[in-house]
Each structure stands twice: as C-alpha cells, then as structure tokens.
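The structure appears right after this line, and notes come after that.
Given the structure is predicted, the values throughout are model-derived calculations rather than measurements. Heavy-atom basis, side chains included; hydrogens, waters and symmetry copies ignored.
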Amino acid sequence: MDDAYLKPLNPEQREAVLHTGKPLLILAGAGSGKTRVITTKIAYLIREQGLDPRSILAVTFTNKAAREMAERARLIDGRAQFAMLRTFHSFGAWFLRRYSDLAGLESGFTIYDDADTLALLSLIREKGSRGEIKSYAHNIARAKDYFLNPEDSDLSLIDYRKDFRRVYQEYEERLGQIGNVDFGDLIKKPVEVLRNNPKFAERFRERFRAVLVDEYQDANIAQFELLRELCGPETYLCVVGDDDQSIYRFRGAEVRNILEFPDRFAGTEVIRLERNYRSVAPILGVASSVIARNRGRLGKTLIPERGKGKQPVWTFLPNQEEEVNFCAELIESSVKKNFSHTEKSSDPKYADWAVLYRTNAQSLGFETEFLRRRIPYRVVGSLKFYEREEIKDALALLAIVANPKDEVAFRRVVNKPARGVGPAAAARIVSEAQASDGNLLTAARRLAPELSAKAKSGLTNFLKAIKSGQAFLGISVSTQLVIELTAEALEQTEKKPKKQERKPKNTSTENQKREHLQSGEGLSGCVITLIENTGIAEYHLDHDEIAGNQRFNNLQELANAASLYPASETGLTLFLEHIELDRSLDDDKNTDEARDAVTLITFHNTKGLEFKRVIMTGLEQGVFPRKEEIGEELEDERRLFYVGATRAMDELYLCSTALRRLYGRTEPMQPSQFFYEINRNYLRTIGDEPQDPEDFDVGWEIGNRLFHEEQGYGSVIDIQEADAVLRVRFDTGKEMRFSGQDRRLTRINEE
C-alpha cells in the first residue's frame, strides 16, 4: 500500500481514517485537523477499500466547506471527483429533482427563500401584521427542522397559538398547488419519499455504500432523520463533529444528535481528535475552563501542539466608548509600531485582527471609530447580493419562466414597473389559475380581454416578455399564442399616438446602458431579454443617478453569473437552484481576503474561521451571556464563548465595561460570569477588577420561600450549584428554572 498520503496524520487522525465497519463518531476538537481527516478518508475508501467513488456520499453545511472538501480529496486521489460531495440542502434538491414524481413535484420546481415564504403567508393571512406573518414563517421553518407536520401533536411545542396548525396546513396546501418547495422541504420531503416507498428506499440505499457527515453537531432533527433513512445495514457511516461547537440551536441544530449518536447507531466507536494545531496553550486554557462547566458534552481535552504563548488579557473598561478606543489603539499600535512576538520577520497586518461581538448592533461604535482613525475594516454579515431588490425582481422573472405556477414571483413583478395590473387584477388571475391547472400565464391570457385598456395592454406586453424568455430557452410556446400576443400588442400600439422621443435623464447613465448591459454566453441572454423586455432594467436604471447605476451594474452581474449555465430549461433550473442554495447556505459571500482590513464579526459568524489576534467584546452579564439564561441556554452561550476564543491563534483579548448603553439607557454592568469560570493561571487582567463577584454566589437553599413578580409564591426544590440554577415549584403547582441572580425573585424571610 502506497501510504505516503497518510504520513502527515497524527496517530488519532490515522486511526480515524483507517477505521471501517461499525459506525464511527469522530469527536474533533477546535483546530484538530478534521477536514484533513474526512478528505483523506474519502481517498482511503477509494484507494484501499476499493469503493466506487460514485458510491460515496459526503455532506456538510456550507458550500465553502463542500468545495474545500472536494478539492482536498481530489488532490489525494483524482477519482474522488466522482464522489458526491454536497451540502445537506444541495443533496435534498438533487434528490427531489431526480425523483420529483415520487415527491409529487414537477422537476422544474423552484425553491422559496424567506422572502417568498413571507409573501405566500401574506396571501394566506391577508389581515395579519408583518410581525405576525414573520412569526408564522419562522415557526413553520422550525417545525420542518424538527420534522413536524401540521397534524403532529408536538407542534404546540413550536407555536402554542391555536391557529398556527391551520396556517401551517394552508401554507403547505398553497405551496403544493404552486408546485414549489421551501428550504425545509429539501430535507423533509426526501425523508417522506424514502419512508413512503420502501422498495424504492431499499434500492436507493444500495447507491451509497459509505456516508460521511462533516460538522455533525450542526445537524437538526430532520437532517438526522434523513441520515437514518439513507443508511441501510451495509452502509458505512462516519460523522465528524464537535459537541462543544454546537452553536446554531436558533437555526434548529440539535446538540443531542451528536451526544446521543452512540445510542442511536448500535456499535458506534468514538475516536477523539484532541491535538490542537491552531492556538497557543493559554488560549486553549481559557476556552477549556469555560466549556468544562457544561454538562451536555461527551468530553475531551485539547492538547496544544504549538506550546506556550502569550497569556490572554481580560480588560476592565469604564464604558463602551473606552472599549472601542482600547480596541482601536491596540490594533493601531500592533500595525504601526510593528510589535509581534511571533513574526519577527514580517509586519503585522490589519487582517490579522478580528473584533467579535454578540449582536450586530454592537458593531456601530467600532465602525464609527475605525472610520475616524482610518483603520480599514470589513463587516461580515452585510446585505448580500441576491437579497437586493433589483436582483430579486430579476430572479422572480426567471422563476416564472421556470415555473408558470409560481404565484409569489408572479405577484412580485406582474405590475413592476406599473402597467395597470393592480392587486385586484393579480388576484383575479391567481384565482382563475387555481380553478384550472395553476398556470398563471395561461390564466392571464384568458382574463386579459376583460381588464381595462391599460391593464390589458400592460399585461399583454408582460406576457409577451415572459414568452420571449421561454422561447430563448427553447421552452415550448404555442405558435398561435405568440401570434395572438403579438397582434394584441400591435393593436394597442396602433391605437395610441406616438410619444415624442424621451430625452435621456442622464447621458452617462444611458451610455452605460448601451455599453454595459450586454448578454454573454449561455443563459445570460435570457436574463437580459427578460429584464429589458419587462422594463425591470429601465425601472431600476431610473431610480436615481447613483443608486440606479449601482442597481444596473448588479443586474449586469447577475447576467454574467448566468453565462456559466446553458441556455436551456435545465440550465435555468440549475442556475436558480444554485442561487437559492448559495445565498442561504454559503458563509463566505462578503469576505474580501485580499484586502488588509480588520474583521468585525459576530461570535456566530466566526465558526470555521481563524485569526492571529482576536478581541472578544461586550463580556458583561446580560450581554454575553444574555440576561437570565440558564440550563441549556447557558450551555449554548458557553459553547459560543468557546468557539470565539478558539478562533485566536496567537493573542486573545477580552473586554468588559462598567457602564453600557442598553435600550436607550446607560446602565451599570457586571463582568460576564465567564470571567469567574476561567482558571486564573491562564489569564492576566488590566483595569479595575471588581472585588465582589456576589452575583455568582447563589445564596439560596433548598426549601427557601420566594415571590416571583409574575408567578407568585413558591419554594426552591433543587439547586444546580455549578450553574447557579434554581428549580422552583410555585404554589400553583407549576415548576420553572431560574438563574440564582434573577432580580424577579424575592426571598421571603420566614422567621
């Protein structure tokens, strides 16, 4: 066996790669080289185990991770290019396209994003407020993440409102009538297909002899159910993850999936990757001190391969303005004065630094100060390309071409720009379509003669534009329909007096239109045809001189991206699928790695990244961790702290302030309880350290009577001292858990 590709592996990594047979759980600590392990394992299964690469399925959670996994595996063995390496949602989309008939779908379905879901729910709940509709949308997505249907009894755990079940049911029915799916369906529907078709499922499981999952701690319940359906008795199953880095519970990730993996898959073997190649020892000491307090973990001890280094610094500052100044001066001095204990031969860069915060709102102060000091920075998490208005308009046009039943897309652009087809007319068209085969274009053609002259003309031109897009792709269009539409358009034109030619509002803008709105290869011509013939391009060009130019450039960029896909119905389907998956799953849209700039980023967005120097800000009780979080919520916060700290390679700084503006008021703050959980041997402090950490002395005893502002009188029946958590039984019989420092609790002196 030529095992040169195995030599870079340490003993634990090698053991994981060579493992076969029983299910395997690889517990991979931060910075332990898990990507190397999983990519090498793919190559090993092909080279040494003789697996056909087409029988290997590897799934992860972001397109960036999937691309990296695929590239690394190919470098070891070129045959790995034939393995299926996808995100969970991309695999689900592939499955539903391939077996759309079993799912009750047309193969040309489109994938609804959050905005599309809101639009559809707005039609169902016409009198509902935007906040209410957003709440329904969020909870429907959660229900699908937990693999719950409208009729499931546990649905009330997601949303207790009496009408939620009915709204969810109506949403599913409307989505089915339209023939589209949302992101939850990309996981949920394949599971249903496999469960409802046992013989097909048995044959399908023979397709993949090995299934590997990266970042398994981020899997939700529906993804676990999919994994279980994909694996038969002969399937080799290997999952890689870190229970200590499970930080996406708000998105549906369920840490129990990894904690209970050995119980759910009989005979599971566990291999721990504990050697950390990223951070110096004191940084790992800080992170490990906090995460060790969690009960919900399988446990591992990180071993610092890089050895000793600078001690992390916890800085106590008077207020958030001083916090901002401290960060700015620390970064400036490192770059301008060139102090670096690790890089004697090269200058430290702005890009070495990352400033982390718990919520996006905390970035404002840093942005303002960095601008003032001319410190270059980039904010991770700004508006993404595919979320811009003009792009969503163009995508709606493409969606209608792909699926004429798409009600949400149709309503978005049928009267944009205004062509006389108001909400009432659009509703009539939708009703007409629903009463027949659901095709909105056919229904619009039938109703056009009954509308006002303006609406008829506008709708006819809109239909003609859509049909031109379909014809561009070779989609079958009735010759008679084209003749009728053309005749109607000519008739309307002849009836109207010719307008005097409009002078351009802005010569440079009009020149830009002629010079830069160009169709290239493949699908780009269809994009240009649609946005020009429907008037969308001109609508956004005329927005204003500056914004119009930018929007126009964005539309051109969309056309450029489309040029990579063939000018066919299949090419359009693949392009729309790529966009929907990319904008929702990819986590590297706004990175600009070539630019030397400080990164401003939330703790959640740092997952998978690393920086030489990290500053963690806002470490006060009530900010991080958030106010009164206990139990599982507090454990989630500890995982988030652990993830943030282990992003740092060489230096780690932690900041807390005595005063902070919250909810429009300046309030006194206490340091985060994480400060008191850290072994002081790993930490040095700067500033006035609080003398009395009384907030973290529970001071309660079992049996204590108390009064709660909302729940009334009760008694303490249990205390979890490690987390300062009280379990209280109220006189009403209700039991609840509270933080020991919850100010809503008043102890009653019974003497």
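No donor-acceptor pair under 3.5 Å is formed between the side chain of K144 and the backbone N or O of G184. Distance alone, capped at 3.5 Å, places no donor-acceptor pair between the N403 side chain and the A399 backbone. Remark: the backbone N or O of T87 is not paired with any side-chain donor or acceptor of S90 at under 3.5 angstrom. Within the 3.5 Å criterion, the main-chain N or O of R256 finds a donor-acceptor partner in the side chain of E254.
Remark: K392 engages D113 in a salt bridge, criterion side-chain N to carboxylate O under 4.0 Å. The pair E432-R446 meets the salt-bridge criterion, since a charged nitrogen lies less than 4.0 angstrom from a carboxylate oxygen. Using a cut-off of 4.0 Å between Lys/Arg side-chain N and Asp/Glu carboxylate O, D182 and K188 are scored as not salt-bridged. Using a 4.0 Å cut-off between a side-chain N of Lys or Arg and a carboxylate O of Asp or Glu, R195 and E225 qualify as a salt bridge. Comment: R142 does not engage D145 in a salt bridge, judged by the lack of any side-chain N to carboxylate O separation of less than 4.0 angstrom. Taking a cutoff of 4.0 Å between a charged side-chain nitrogen and a carboxylate oxygen, K416 and E389 qualify as a salt bridge. Remark: E68 does not engage K64 in a salt bridge, criterion side-chain N to carboxylate O under 4.0 Å. A salt bridge does not link R639 with D244: every distance from a Lys NZ or Arg NE/NH1/NH2 to an Asp or Glu carboxylate oxygen is 4.0 Å or more. Under 4.0 Å is where a charged nitrogen must lie from a carboxylate oxygen, and between E407 and R174 at least one such pair does. Of the charged side-chain nitrogens involved, none lies within less than 4.0 Å of a carboxylate oxygen, so that E234 and R205 do not count as a salt-bridged pair.
Side-chain atoms of V255 and Q217, non-hydrogen and from C-beta on, never get closer than 4.5 Å to each other. Under the 4.5 Å side-chain criterion, counting only non-hydrogen atoms from C-beta, V213 is not in contact with T60. In this structure, the side chains of I400 and L441 come closer than 4.5 Å at one or more pairs of heavy atoms.
Side-chain rings of Y5 and Y44 stay apart, their centers remaining 6.0 Å or farther from each other.
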Notebook entry, point to check: Which is it for F61 and Y248 under the ring pair (Phe, Tyr, Trp, His ring centres under 6.0 Å) test, yes or no, and what are the steps along the way?
Noted result: CA-CA 12 Å; F61 286 84; Y248 296 129; 8.6 Å; no
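Using a 3.5 Å distance cut-off with no hydrogens or angles, the side chains of Y160 and N139 do not pair a donor with an acceptor. Checked by atom type, the side-chain pair N180/T110 shows a donor-acceptor distance below 3.5 Å. Looking only at atom types and distance, the side chain of Q177 has no donor-acceptor partner in the side chain of E173 under 3.5 Å away.
Sorted by first then second residue, the salt bridge (charged side-chain N to carboxylate O under 4.0 Å, His left out) pairs that include residues 78-99, not counting sequence neighbours, are D77-R79, R97-E577.
Considering CG of D242 and CD1 of I258, their distance stands at 7.0 Å, rounded to 0.5 Å. A distance of 9.5 Å separates CG in L397 from CZ in R412, rounded to the nearest 0.5 Å. A distance of 9.0 Å separates CD1 of I140 from CG of D159, quoted to the nearest 0.5 Å. Of the inter-residue distances, the one linking H89 atom NE2 with D185 atom CG reads 10.0 Å to the nearest 0.5 angstrom.
Take F208 and apply the ring pair (Phe, Tyr, Trp, His ring centres under 6.0 Å) test, not counting sequence neighbours, and it matches F204. Listed by chain and residue number, Y216, F265 satisfy the ring pair (Phe, Tyr, Trp, His ring centres under 6.0 Å) test with F261 (two or more places apart in sequence, or in another chain). By the ring pair (Phe, Tyr, Trp, His ring centres under 6.0 Å) test, Y236 is found to be paired with H19, residues two or more places apart in sequence or in another chain being considered. Residues that satisfy the ring pair (Phe, Tyr, Trp, His ring centres under 6.0 Å) test with Y171, not counting sequence neighbours, are absent from this structure. The salt bridge (charged side-chain N to carboxylate O under 4.0 Å, His left out) test applied to D114 returns no partner, not counting sequence neighbours.
Residue L273 forms a side-chain contact (heavy atoms from CB on, under 4.5 Å) with just one option from V240, L27, V37, and that option is V37.
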